[in-house]
Amino acid sequence: TLPEAGAPEKFRLAADEYVAAAQSYPTPAGKADLFRRAADCFRRANDPNAALGAADQILALPGVSAESTAAAWLEKGEAFLAAHRYDDAA
C-alpha cells in the first residue's frame, strides 16, 4: 500500500507531542516510553537524526529498566539503518 499523503508531517507532529509530554512526565519509566514513541514517529517521518536524539534521551535517563534501555538501543539501530549509517548500526 502507498503511504498516505502528508503522513510524514503527521508523524513529525506526533513525535513533537511525545517529546513535549516526555519532558514534563514525572517518572523515568513514563519518560522512556514517551521518548521511545517519539523516536518511532521521527523515524516514520523520515527524520532518523531526530529519532537518534529521542533514543539518546532514554539512555540518559537515570533509573530506567533494562527493557527500556534495550528498546532505546533497538530504536537507535533502526534510526542508524534509516540514515544509512550502517557502520554505526553494527
Under the salt bridge (Lys or Arg N to Asp or Glu O under 4.0 Å) rule, what do D40 and R37 come out as? Steps first, then yes or no, please. CA-CA 5 Å; D40 180 57; R37 291 171 189 257; over 6 Å; no
Applying a strict under-4.5 Å side-chain criterion to I, L, V, M, F, W and Y, I'd like to know whether Y25 and F35 cluster together. no
Would you say CD of E67 has more than 12 non-hydrogen atoms from neighbouring residues, nucleotides or ligands within 6.0 angstrom? no
What one should report as the nearest heavy-atom pair of L34 and Y18 is O-CB, 3.5 Å
Between N46 and P8, which heavy-atom pair has the shortest distance, and what is it? ND2-CG, 3.9 Å
Between K76 and A55 (side chain of the first, backbone of the second, donor and acceptor by atom type, cut-off under 3.5 Å), is there such a pair? no
The test is side-chain contact (heavy atoms from CB on, under 4.5 Å); show your working for F42 and V19 and say whether it passes. CA-CA 10 Å; F42 280 130; V19 168; 3.8 Å; yes
Quick one: CG on D88 to CZ on F80, what's the gap to the nearest 0.5 Å? 4.5 Å
Between L61 and A32, what is the shortest heavy-atom contact and its length? CD1-N, 3.7 Å
Is a donor on one side and an acceptor on the other found under 3.5 Å between the side chain of S68 and the backbone of V64? no
From D47 CG over to C41 SG, what is the distance, rounded to the nearest 0.5 angstrom? 12.0 Å
Straight-line distance of N49 CG to R43 CZ, nearest 0.5 Å: 13.5 Å
Do L52 and E78 have side chains that approach each other closer than 4.5 Å (heavy atoms only, starting at C-beta)? no
At what distance, to the nearest 0.5 angstrom, does CD1 of I58 lie from CZ of R36? 7.5 Å
Nearest heavy atoms of P48 and A79, plus distance in Å: CB-O, 3.4 Å
Within this structure, what is the CG-CD distance for the pair D56 and E75, rounded to the nearest 0.5 Å? 12.0 Å
Donor-acceptor check, side chain of K31 to backbone of Q23, threshold 3.5 angstrom: yes or no? yes
